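The structure appears right after this line, and notes come after that.
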Amino acid sequence: MAHLHQDEIAQYVAGLHMDDLALHNFKSHLASCETCSETLAEQARLELKVREIASEADFCASCDVLAQDGRCGECGAAVRVPGFQIESI
């Protein structure tokens, strides 16, 4: 039995679209393959950790660059102003 490709598992974990037949085949394979099921669980844990870390980071609302010290190093926009939430620029 051929194992699922790492990219297929990563796309599934990220919630990227699969057609109905591909999704059925994917889930059927997972049900019968312990190796791929373990890989899926590992990928899911990694995805959750990445999302947790990203939620704690400050990104510039203007140019989507990771900002440090409350100001964007690319465009200079304020990223964090005490008492306010910057939603768009």
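Heads up: numbering here begins at 1 and tracks the sequence. Just so you know, these numbers come straight off a predicted model, no measurement behind them.
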Quiz: residues 34-42 side-chain donor-acceptor pairs under 3.5 angstrom, not counting sequence neighbours:
{"unit_1": "S37", "atom_1": "OG", "unit_2": "L30", "atom_2": "O", "d": "2.7"}
{"unit_1": "S37", "atom_1": "OG", "unit_2": "C33", "atom_2": "O", "d": "3.0"}
{"unit_1": "T39", "atom_1": "OG1", "unit_2": "T35", "atom_2": "O", "d": "3.0"}

By side-chain hydrogen bond (donor to acceptor under 3.5 Å, both in side chains), which residues pair with Q11, not counting sequence neighbours? none

In chain order, what residues pass the side-chain hydrogen bond (donor to acceptor under 3.5 Å, both in side chains) check against Q43, with sequence neighbours excluded? Q6

Under 4.5 Å between side-chain heavy atoms, counting indirect links through other Ile/Leu/Val/Met/Phe/Trp/Tyr residues: same cluster for V50 and L66 or not? no

Roughly how far, to the nearest 0.5 Å, is NZ of K27 from OH of Y12? 4.5 Å

Could you measure the distance from the CD atom of E47 to the CD1 atom of I9? Nearest 0.5 Å is fine. 13.5 Å

In chain order, what residues pass the salt bridge (charged side-chain N to carboxylate O under 4.0 Å, His left out) check against E56, with sequence neighbours excluded? none

Sequence neighbours excluded, which residues qualify as side-chain contact (heavy atoms from CB on, under 4.5 Å) partners of V65? C63, C72, E74

For D19, the side-chain contact (heavy atoms from CB on, under 4.5 Å) test, sequence neighbours excluded, returns L21, A22

In terms of heavy-atom contacts, E8 and F26 come closest through O-CE1, 3.9 Å

